[in-house]
2 protein chains.
Amino acid sequence: MPSLTVENYLKTILQICVQTGSEWASTGQIASGLSVSPGTVTSMLKTLSDSSLAKYKPYSGVRLTKQGRMLAVRMLRRHRLLELFLVKTLDLTWDQVHDEAERMEHAVSDELIDRIDQYLGHPEVDPHGDPIPSADGTLSGENAGIPLAETEGGETVRIVRVRNQAPEFLRYLSEHGVALGEVGTVQENSDAGGIVSVQMPEKLVTLGQAAAEMLYVERVTAD
Amino acid sequence: MPSLTVENYLKTILQICVQTGSEWASTGQIASGLSVSPGTVTSMLKTLSDSSLAKYKPYSGVRLTKQGRMLAVRMLRRHRLLELFLVKTLDLTWDQVHDEAERMEHAVSDELIDRIDQYLGHPEVDPHGDPIPSADGTLSGENAGIPLAETEGGETVRIVRVRNQAPEFLRYLSEHGVALGEVGTVQENSDAGGIVSVQMPEKLVTLGQAAAEMLYVERVTAD
DNA sequence: CAACTTTTTTTGATTGATCAAAATTTCCAA
DNA sequence: TTGGAAATTTTGATCAATCAAAAAAAGTTG
């Protein structure tokens, strides 16, 4: 029922809320998230409000309604299941699936998504470690892990999530031995130098601060 | 580059041409194929002409250009590969895949389609027996088989294609033992009664004339 | 708190896809 | 060959999504 455009607005709003930890998303955030002009966003926010998918408060932003949030979560679920499906069936790599899923998520039925979920055995995370919402609309695990940037030299960490879908970034990681589930030891985290380096099983990888903010890890306790 | 709408027009035009064996498709045929009004078609035909995807001749219809035909064939290829992919990976049945593929075909990249083609081992036909165009745009095998309606009592035939995607029709066939590749014996083809009946390995199936025109078979010579 | 900056909204326009209904052209049959 | 009937095109309108640029509101800072 909702257009592809509406689906994209809802998803973007939800992602902003998750990332900022707020209930509200501003016109400007949405505009830059979708690469459209602010004026376009304003008019779409009114449309969303009219269809009870969000509550729009002029000059403040929007907040998803239960219904809108449900739809947005469903888009996230579709996107993430599709990504994993492409990786599992066709052996695509984590840098190849985002754009593909971005378009496909608007084209598949709920029934197909549930089939895929079942085929994959109800997975918890997608190829980037992003949690997959359950069929009933529950979105949990969005807070797992901490940015690599917050760790210190000497710590042993497991890679659990990459919060940046840029193919070049993902390929850089792969080429330097960084993959989901791998364990490494932080060599150095220097604010002065603006870098973090981690010894992975095979290779040593060094990332800038910005990049280290996007790579999420869990501290591993020797057991 | 071409919009979803343009892709659908091109595909529809190609299908009309294939079905009628003509180079031209009329405004009316396209309008009913796409369930839009004739006036809408007229204006889109001008658009297609302007983008050199088809040649429009007022009151006569359109004819695809080489470029337009290429694109249309590509849509057919996508559609058919997607159908088979869904059947092979997720065990969907032939009555479940058409609508799904119809939407997905606009959302997948050429690269993904080629991956799927490779994964499936370069198949020749989709789950309905429709031939899959090759990557270079060759569409062959569209003339394989003859309608069951043209066979006579006593002939042994192999089911090779179903030219009707209606889920109810396909389910009716499945429920009566008709599946691609199966062999049966025509019991009766009666113009008077308007029915054709075929003894399949498990069951006896009886179809009306119209239905028998949509089910394609090959005569099997005892060997 | 007044002036400047930033953000947001409004305004006016455009584009693509569609429709209904009127006008036109083509076709067929008497 | 002529008078409908059928098919097609034109016309005028609508709707969703977008933009640029002007106007207004909110925020910030000396």
Side-chain angles (χ1 to χ4, degrees), chain A residues 1-13 16-17 19-20 22-64 67-68 71-72 75 102-103 105-107, chain B residues 1-13 16-17 19-20 22-64 67-68 71-72 75 102-103 105-107:
Chain A
M1 212 81 64
S3 70
L4 180 150
T5 309
V6 166
E7 289 183 341
N8 279 335
Y9 273 84
L10 293 176
K11 199 177 64 159
T12 301
I13 294 168
I16 290 165
C17 291
Q19 270 159 40
T20 61
S22 154
E23 294 274 290
W24 295 81
S26 74
T27 301
Q29 291 172 320
I30 300 168
S32 80
L34 288 168
S35 302
V36 297
S37 74
T40 303
V41 173
T42 299
S43 82
M44 177 55 75
L45 296 188
K46 290 174 186 169
T47 305
L48 293 180
S49 236
D50 290 347
S51 23
S52 325
L53 294 170
K55 174 147 204 301
Y56 168 54
K57 215 170 140 194
Y59 295 100
S60 300
V62 270
R63 177 196 170 113
L64 294 176
Q67 204 196 138
L71 259 168
M75 295 316 294
E102 194 74 12
R103 293 186 309 271
E105 65 191 9
H106 307 289
Chain B
M1 211 81 66
S3 69
L4 180 150
T5 310
V6 166
E7 289 182 341
N8 279 334
Y9 273 84
L10 293 175
K11 198 177 66 159
T12 301
I13 294 167
I16 290 165
C17 291
Q19 270 159 40
T20 61
S22 155
E23 295 273 291
W24 295 81
S26 74
T27 300
Q29 290 171 321
I30 299 168
S32 79
L34 288 167
S35 302
V36 295
S37 75
T40 303
V41 173
T42 299
S43 82
M44 177 55 75
L45 295 189
K46 291 175 185 168
T47 304
L48 293 181
S49 235
D50 289 347
S51 23
S52 327
L53 294 170
K55 174 146 204 303
Y56 168 54
K57 215 170 140 196
Y59 295 101
S60 302
V62 271
R63 178 195 170 113
L64 294 176
Q67 203 195 138
L71 259 168
M75 295 316 293
E102 193 75 10
R103 293 186 308 271
E105 65 191 9
H106 307 289

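Worth saying up front: this structure is predicted, and the values here are computed from it rather than measured. Sequence lines set the chain letters: A, B, ... in the order given, protein chains first and strands last, and positions in each chain run from 1.
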Spacing of CG belonging to A:L10 relative to CD belonging to A:Q67, to within rounding of 0.5 Å:
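Answer rounded to 0.5 Å: 9.5 Å.
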
Nearest 0.5 Å, what's the CD1-CD distance between B:I13 and B:Q29?
->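 Here the rounded value is 10.5 Å.
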
Proximity to DNA chain D (any heavy atom under 4.0 Å), residues of residues 25-38 of chain B only: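 Only B:S26, B:T27, B:G28, B:P38 qualify.
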
Interatomic distance where [atom1] belongs to [X] and [atom2] belongs to [N] [whole Å]:
X: B:Y56; N: D:dT10; atom1: OH; atom2: C1'; value: 10 Å
X: B:L4; N: D:dA17; atom1: CG; atom2: P; value: 14 Å
X: B:K57; N: C:dT26; atom1: NZ; atom2: C1'; value: 13 Å
X: A:M1; N: D:dA16; atom1: CE; atom2: C1'; value: 17 Å

Does a side-chain heavy-atom distance below 4.5 Å link [X] with [Y]?
X: B:L34; Y: B:T40; answer: no
X: A:S3; Y: A:V6; answer: yes
X: A:R103; Y: A:L4; answer: no
X: B:V36; Y: B:M44; answer: no

| said: Please evaluate residues B:K11 and B:L71 with respect to the criterion side-chain contact (heavy atoms from CB on, under 4.5 Å), reporting the C-alpha separation (whole Å), side-chain torsions for both, the decisive distance (0.1 Å), and the verdict. | reply: CA-CA 8 Å; B:K11 198 177 66 159; B:L71 259 168; over 6 Å; no

query = Heavy atom of residues 42-54 of chain B under 4.0 Å from DNA chain C: which residues?
reply =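 The stretch gives B:S43, B:M44 as the residues lying under 4.0 Å from the strand, ordered by number.
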
(Q) Under 4.0 Å, counting only non-hydrogen atoms across every strand here, what does B:T40 touch: a base, just sugar-phosphate, or nothing? (A)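 Base, at least one base atom sits under 4.0 Å.
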
Please tabulate, one pair per line, all N/O donor-acceptor pairs under 3.5 Å involving side-chain atoms of residues 48-61 of chain B, not counting sequence neighbours.
from  : atom 1 : to    : atom 2 : distance (Å)
B:S49 : OG     : B:A54 : O      : 3.1
B:S49 : OG     : B:Y56 : N      : 3.0
B:S51 : OG     : B:T47 : O      : 2.7

Checklist entry - Looking only at side-chain N and O atoms, does B:Y59 come under 4.0 Å of OP1 or OP2 in C:dA23? => result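 The answer is no; no side-chain N or O of B:Y59 sits under 4.0 Å from OP1 or OP2.
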
